[in-house]
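The figures that follow rest on heavy atoms only: side chains count, while hydrogens, waters and symmetry mates do not.
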Amino acid sequence: GGRRNDSMVEWVTYHARKNAFHEVSSTREAEDLIASLNATEAVVGRFVSRWSPEATSFMIGAEEEDTRSQNKSMAYILILEDRGIGALKLGSQAGEELESGQLQGPAIGPSVYLMRSEDAGGGYVHYGRQYKPPKWDRVPPDQRYSLFDPGRLKAWVATFRMPKVVPLTRYWNKVLASPVRNQTLLFSDEGSPGHQERMAAFSMVAERWFGKVLFLEIPSKLTNVLKYFGMTADDYPALVVAVAGNGELDKGEMYRLDQT
């Protein structure tokens, strides 16, 4: 109760929207659906039951995806069948022969993978216990040791849907949604002398620290961003390491290395 008329309309509109996820019964159906949606990226989960805790976490992540922003290209697809993903190729069907007369094996438990957009590097990333969001050791144990915790799953999607070096002009909303708060910022304009060399070095470091530090490429036309970091176009090129603070209002610490 207590909602204003405009906020009530927004709340009803959001929760009454088309289902945030699609439900299919095989990997082949998931592949066909991705093609029909012209989806550039997708999160695909396979579960035995729609009501399992793992499937519930998956659906929560889909529901909380902000479909009103540019992130709406993300498709969440729920496969309900009692076979795990394992090493199956995309497009396989139940009972389909793989090689040497071998058939697809029995269920190996719930599994999720992310189909990355070409802009983010392409390919597929499988969700597993090796992924831990930043500061995950500080959450309560019952959450910390749960692989299919909604927050953990959402953080994984938000991290791996971005490229290793993030052009801020195209990924603004996704950067804001990322759980990775420590950032290394390259203030450099495309076409400027030495830009390609700086990007090559930047990319090499980003490869090593992916998932732990956001590496952002920031052009001088983003004046609001420059102002936030105390920079101007006259400072270009420059490299800034921004260490996250302890609270939303704490900017943390910044260390600048001139690129001259």
Side-chain angles (χ1 to χ4, degrees), residues 20-21 34 37-45 57-58 60-77 90 112-136 149-190 195-196 198-219 221-222 224-226 228-229 239-244 248 252 254:
F21 62 91
I34 290 172
L37 293 173
N38 292 320
T40 60
E41 54 182 355
V43 183
V44 181
S57 293
F58 182 88
I60 289 174
E63 288 286 352
E64 294 182 355
E65 178 81 15
D66 189 355
T67 59
R68 295 163 295 180
S69 72
Q70 68 181 31
N71 295 349
K72 63 184 179 181
S73 63
M74 177 67 79
Y76 280 75
I77 301 175
L90 192 64
V112 178
Y113 69 83
L114 169 67
M115 183 186 84
R116 305 179 76 206
S117 68
E118 291 299 323
D119 192 43
Y124 301 86
V125 181
H126 287 261
Y127 179 64
R129 197 168 294 280
Q130 74 278 5
Y131 173 74
K132 295 181 181 179
K135 300 182 180 179
W136 195 247
D149 175 81
R152 186 175 189 167
L153 185 58
K154 287 167 54 183
W156 172 76
V157 172
T159 298
F160 284 91
R161 72 187 306 187
M162 290 193 292
K164 293 178 175 60
V165 175
V166 182
L168 192 57
T169 50
R170 299 202 304 272
Y171 281 84
W172 183 271
N173 286 346
K174 296 177 183 179
V175 167
L176 294 178
S178 172
V180 182
R181 308 316 303 164
N182 293 329
Q183 301 173 348
T184 300
L185 311 112
L186 177 62
F187 294 88
S188 181
D189 283 320
E190 186 175 359
H195 177 74
Q196 292 301 324
R198 286 189 289 273
M199 282 296 295
F202 201 56
S203 298
M204 289 179 62
V205 180
E207 180 83 26
R208 178 177 179 181
W209 291 94
F210 181 73
K212 299 178 181 178
V213 179
L214 276 180
F215 286 77
L216 307 179
E217 176 194 1
I218 304 177
K221 65 182 180 181
L222 297 181
N224 289 339
V225 178
L226 268 62
Y228 178 84
F229 287 103
L239 185 70
V240 171
V241 176
V243 180
E248 293 183 2
M254 292 185 289

Would you say NZ of K135 has more than 12 non-hydrogen atoms from neighbouring residues, nucleotides or ligands within 6.0 angstrom?
yes
Gap between atom OH of Y171 and atom CG of L214 - 0.5 Å precision:
12.5 Å
Could you give the distance from CG (L114) to NE2 (H126), rounded to the nearest 0.5 Å?
10.0 Å
Closest contact, heavy atoms only, F229 versus A242
CE2-CB, 4.2 Å
Nearest-0.5 Å distance that lies between atom CG in L226 and atom CG in L185
10.0 Å
Between the NZ atom in K164 and the CZ atom in F215, the distance rounded to the nearest 0.5 Å is 11.5 Å
Taking side chain as C-beta onward, heavy atoms only, is S178 less than 4.5 Å from M162?
yes
Tell me the closest heavy-atom pair linking A39 and A75, and the distance in Å.
CB-CB, 4.2 Å
Flag the pair E217 / H195 as yes when at least one side-chain heavy-atom distance between them is below 4.5 Å, and no otherwise.
yes
How close do V165 and S203 get, heavy atom to heavy atom, and via which atoms?
CG2-OG, 3.6 Å
Evaluate L222 against Y228 for side chain to side chain contact (heavy atoms under 4.5 Å, CB included), listing each step before the verdict.
CA-CA 10 Å; L222 297 181; Y228 178 84; over 6 Å; no
Atom CZ of F202 and atom CG of L216: how far apart are they, to the nearest 0.5 Å?
7.0 Å
So, for P163 and F210, which heavy atoms are closest and what is the spacing to 0.1 Å?
O-CE1, 3.9 Å
Taking C-beta and beyond as the side chain, do M74 and V43 meet within less than 4.5 Å on heavy atoms?
yes
Is there side-chain contact between V44 and I34, with heavy atoms separated by less than 4.5 Å?
yes
In short, P219 meets D189 closest at the heavy-atom pair CA-OD1, 3.3 Å
Which heavy atom of T159 sits nearest to which heavy atom of G211, and what is that distance?
CG2-CA, 3.8 Å
If we only count heavy atoms from C-beta on, is the V241 to N182 side-chain gap below 4.5 Å?
no
Are R152 and Y127 packed together at the side-chain level, in the sense that at least one heavy-atom pair is separated by less than 4.5 angstrom?
yes
Report yes if some heavy atom in the side chain of W209 is under 4.5 Å from a heavy atom in the side chain of T184; otherwise report no.
no
Are any of the side-chain heavy atoms of R161 and V125 separated by less than 4.5 Å?
no
Let me confirm one number: the CD1-CZ distance from I77 to F21, rounded to the nearest 0.5 Å.
12.0 Å
Under 3.5 Å: donor-acceptor pair, side chain of Y131, backbone of A155:
yes
Option from V243, V240, V175 for which side-chain contact (heavy atoms from CB on, under 4.5 Å) with Q183 holds:
V175
